[in-house]
**Student:** 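First the structure, which I've put down as structure tokens, then a few questions once you've had a look.
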There are 2 protein chains.
Amino acid sequence: MNDLIMLGHGGGGRLTTDLVHNLFLKHFRNAALEPLNDSALLTMAQKNLAFTTDSYVVSPIFFPGGNIGSLAVHGTVNDLAMSGARPLYLSAAYIIEEGFSLGQLEEIVKAMAAAAAAAGVRIVTGDTKVVPKGMADGLYINTAGIGIHQNTPLGPQRIEKGDAILVNGTIGDHGAAVITAREAGFAQRRIISDAASLTHLVEKMRKNSIELHCLRDATRGGIGGILAELAEQAHSHLLIEEKAIPVREDVRGFAEIYGLDPLFLANEGKMLIFCAATDAEKTLQLLRSDPLGKNAAIIGRVKDSDSAAGQVILNTVIGGERIIDQPTGDLVPRIC
Amino acid sequence: MNDLIMLGHGGGGRLTTDLVHNLFLKHFRNAALEPLNDSALLTMAQKNLAFTTDSYVVSPIFFPGGNIGSLAVHGTVNDLAMSGARPLYLSAAYIIEEGFSLGQLEEIVKAMAAAAAAAGVRIVTGDTKVVPKGMADGLYINTAGIGIHQNTPLGPQRIEKGDAILVNGTIGDHGAAVITAREAGFAQRRIISDAASLTHLVEKMRKNSIELHCLRDATRGGIGGILAELAEQAHSHLLIEEKAIPVREDVRGFAEIYGLDPLFLANEGKMLIFCAATDAEKTLQLLRSDPLGKNAAIIGRVKDSDSAAGQVILNTVIGGERIIDQPTGDLVPRIC
């Protein structure tokens with residue numbers, strides 16, 4: 001048997017059936033997936049659902065700290081967790097370029113299975129399409145996710161004046177990792193992505209009765225872009241202290257060389273946390289007690305004044321003020 | 001403003017926000033989508049869910065009878081309906097090639113909105129990625145869907161000896177339409193796809209208390225491929241009468257010229273129906289009273305004998321017998 005993906009693997013015939021059994025079912029096996037019917041049948045513990053989707057087109061497909069498969073699990077799990085939902089089920093749909101390596105595909109599928117197990121979710125339904133050579137860039141993956149939420153939903157509509165703003169660790173790691181992995185000097189300058197599922201960290205805050213108002217994973221656009229978006233959605237005036245923002249030394253060095261601002265570099269395991277000011281210190285300690293939050297920091301607050309509603313003001317390390325706006329387009333394409 | 005998609009439209013910044021507001025929200029607007037948070041929050045009427053996903057890579061993107069957008073709605077809605085579920089919510093995720101026409105994208109989004117309205121589903125969450133020129137073929141769309149099911153789930157495990165096998169109309173229309181649309185003679189030979197949502201037709205059968213056992217939309221692989229798959233899954237011996245299978249004249253002519261078998265041509269608005277033999281005539285009349293079933297036919301039955309369990313035998317028009325097996329790969333790539 002050929003060890004490359006052929007057009008027929010997406011044709012819905014024998015080759016597709018074999019691929020589904022020998023690859024996807026083998027690694028994802030669970031009771032809901034196993035019947036391999038048109039839909040997975042699920043019984044939910046309750047009726048309030050969160051539903052989300054993301055397509056992943058990251059280049060390169062493998063990068064230090066993960067690959068497109070683990071990213072496709074972490075990213076969608078995090079989108080559910082950010083709404084305050086507990087992620088339960090994922091779909092996985094593959095668009096594969098003809099000639100893609102079956103071995104690499106299996107490595108990616110294994111990474112998805114491991115990421116799903118770690119996040120406590122099951123992959124219950126899927127799809128495989130193959131496009132001719134030159135019609136994709138190796139592999140694109142879509143995941144959609146379903147979670148349940150029992151609490152009041154979180155979101156920008158709940159941001160209040162006085163709220164503390166935290167981040168659970170160093171920023172820009174994923175963006176720096178992916179860009180570095182594209183370069184020739186990859187072997188020398190190995191920056192590790194922060195890609196991770198944040199669901200346990202969110203549950204930890206919930207269990208400790210932190211008065212959470214809004215969570216947002218700072219993916220495309222980085223914390224700068226996301227803060228600008230949230231300020232606009234919440235009509236809030238956000239004040240951020242640049243010196244409080246944790247940035248890893250290797251990421252800072254990378255950003256300086258490339259002339260990029262870590263504020264706008266993508267993260268895949270970092271979230272912005274808006275909570276009641278009275279809970280700020282407790283939240284910080286809680287985050288720091290977890291491996292995914294050990295470099296957490298309080299980076300700012302929602303100002304009481306309405307003078308600059310909808311704006312993000314950064315107090316810079318050199319003592320100035322800077323308005324943080326949403327970037328127009330991409331700093332870097334295909335970061336996730 | 002440029003009327004072509006730029007990389008920045010997928011960057012998560014201002015251009016993405018504008019695209020989401022001015023295109024997706026404009027046409028899909030509903031209460032669950034509108035907050036534009038990481039996840040859509042949904043309250044389900046009950047706890048038994050069906051969940052499915054499909055990526056659509058059809059070429060050409062526009063074909064007689066539909067486009068990639070309407071197909072992405074019909075296809076996923078049908079996957080839910082085939083499980084006996086009532087489709088309720090869809091996600092929509094776009095992978096767009098840089099340089100794709102914004103006007104065409106709007107036409108596709110409008111077709112999705114119309115198809116969703118017709119099927120009674122809402123598009124509640126989404127994602128947009130843009131890949132550089134040459135890294136896709138215009139546009140790929142993924143939809144995932146959620147439905148609720150109250151009845152015993154349908155599926156091959158419920159197929160019984162003696163069951164009648166019906167199809168709700170002419171076969172091969174979609175495959176013939178897409179292949180014809182790829183050819184130069186497109187303007188002359190205009191074969192119309194059957195792409196449609198089957199959810200109303202399924203509900204009609206439910207309401208009339210038809211004893212349904214298994215439904216399957218005959219997409220990739222055609223009714224031949226799907227029958228072979230079902231026979232295997234159900235360990236059943238299926239007997240099909242070739243002369244009973246409805247085929248449109250233009251599709252039959254097309255298939256003869258290209259040397260293709262309509263049995264294996266894709267459908268996007270046709271399903272195979274397995275029901276109790278005693279309900280066969282009632283089902284037929286019910287289907288025929290609906291525009292989507294006006295050419296419905298009883299095409300075969302599940303044999304009582306175990307002599308050929310797992311096999312599909314076709315009684316051919318010329319009086320012979322032929323074993324119908326799953327095709328190995330693709331008859332035609334990128335049919336959906």
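All chains are named by letter (A, B, ...) in the order of the sequence lines, taking the proteins before the strands, and each is independently numbered beginning at 1. For clarity, every value in this text was computed on a predicted model and none was experimentally measured.
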**Student:** Given 3.5 Å as the limit, does a donor-acceptor pair link the side chain of B/Arg334 with the main chain of A/Val130, or not?
**Tutor:**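 Absent.
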**Student:** Just so I know, are the side chains of B/Val131 and A/Tyr140 near enough to count as touching, which here means a heavy-atom distance under 4.5 Å?
**Tutor:** yes
**Student:** Could you check which of A/Gly225, A/Ala228, A/Ser59, A/Ala93 has the highest count of heavy-atom pairs closer than 4.5 Å to chain B?
**Tutor:** A/Ala93
**Student:** In the structure I gave you, are the side-chain heavy atoms of A/Met135 and B/Glu97 within less than 4.5 Å of one another anywhere?
**Tutor:** no
**Student:** Give the member of B/Thr53, B/Asn48, B/Ile95 that has the highest number of heavy-atom pairs under 4.5 Å with chain A.
**Tutor:** B/Thr53
**Student:** Taking every non-hydrogen pair under 4.5 Å, which of A/Ala136, A/Gly147, A/Gly221, A/Gly134 racks up the most with chain B?
**Tutor:**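 Top option by heavy-atom pairs under 4.5 Å: A/Ala136.
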**Student:** Could you tell me which non-hydrogen atom of B/Thr128 sits nearest to which non-hydrogen atom of A/Arg220, and how far apart they are?
**Tutor:** O-NH1, 2.8 Å
**Student:** So how far is it from A/Met44 CE to B/Lys47 NZ, rounded to the nearest 0.5 Å?
**Tutor:**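 One gets 10.5 Å once the value is rounded to the nearest 0.5 Å.
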**Student:** Scan side-chain atoms only and decide if B/Asp79 and A/Ser39 contain a donor-acceptor pair under the 3.5 Å cut-off.
**Tutor:**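 Side-chain D/A pair, B/Asp79 to A/Ser39: absent.
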**Student:** For A/Ile226, is it the side chain, the backbone, both or neither that has a heavy atom under 4.5 Å from a heavy atom of chain B?
**Tutor:**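 Neither the backbone nor the side chain of A/Ile226 comes within 4.5 Å of chain B.
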**Student:** Could you tell me which portion of A/Thr76 (side chain, backbone, both or neither) has an atom closer than 4.5 angstrom to a non-hydrogen atom of chain B?
**Tutor:** neither
**Student:** Quick one: of A/Ala81, A/Ala144, A/Ala266, A/Gly145, who has the most non-hydrogen atom pairs under 4.5 Å with chain B?
**Tutor:**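 Most heavy-atom pairs within the cutoff with chain B belong to A/Ala144.
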**Student:** Look at A/Gln233, A/Glu98, A/Glu232 and state which one has the largest set of heavy-atom pairs under 4.5 Å with chain B.
**Tutor:** A/Glu232
**Student:** Highest number of heavy-atom pairs under 4.5 Å with chain A: which of B/Cys336, B/Ser83, B/Ala40?
**Tutor:**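 Counting heavy-atom pairs under 4.5 Å, the top option is B/Ala40.
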**Student:** Drop me the distance from A/Leu42's CG to B/Ile148's CD1, to the nearest 0.5 angstrom.
**Tutor:**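 Spacing of CG (A/Leu42) from CD1 (B/Ile148) equals 13.5 Å.
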**Student:** I'd like to check B/Pro153 versus A/Asn37 (side-chain heavy atoms, cut-off strictly below 4.5 Å). Are they in contact?
**Tutor:** no
**Student:** Counting distance only, does the side-chain N/O of A/Lys129 pair as donor-acceptor with the main-chain N or O of B/Val57 below 3.5 Å?
**Tutor:** no
**Student:** Counting only non-hydrogen atoms closer than 4.5 Å, does A/Asn78 touch chain B with its backbone (N, CA, C, O), its side chain (CB onward), both, or neither?
**Tutor:** neither
**Student:** Examine whether an atom of A/Leu230 lies under 4.5 Å from a heavy atom of chain B, and if so say whether it belongs to the side chain, the backbone or both; otherwise answer neither.
**Tutor:** neither
**Student:** Taking the side chain as C-beta and beyond, is there a heavy-atom pair between A/Asp38 and B/Leu80 under 4.5 Å?
**Tutor:**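 A side-chain contact under 4.5 Å is absent here.
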**Student:** Relative to each other, are the rings of A/Phe51 and B/Phe51 parallel, tilted or perpendicular (30° and 60° limits)?
**Tutor:** perpendicular
**Student:** Mind ranking A/Ala50, A/Ala85, A/Ser55, A/Ala45 by heavy-atom pairs under 4.5 Å with chain B and telling me who comes out on top?
**Tutor:**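 Answer, by heavy-atom pair count under 4.5 Å with chain B: A/Ser55.
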**Student:** Of all of A/Leu41, A/Thr43, A/Asp137, which one pairs up most often with chain B through heavy atoms under 4.5 Å apart?
**Tutor:** A/Leu41
**Student:** Of the listed residues (B/Asp325, B/Leu154, B/Asp54), which shares the most heavy-atom pairs with chain A below a 4.5 Å separation?
**Tutor:**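 Most heavy-atom pairs under 4.5 Å with chain A: B/Asp54.
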**Student:** Regarding A/Glu229 and B/Arg14, does a basic nitrogen lie under 4.0 Å from an acidic carboxylate oxygen?
**Tutor:**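 The answer is no: the pair does not qualify as a salt bridge.
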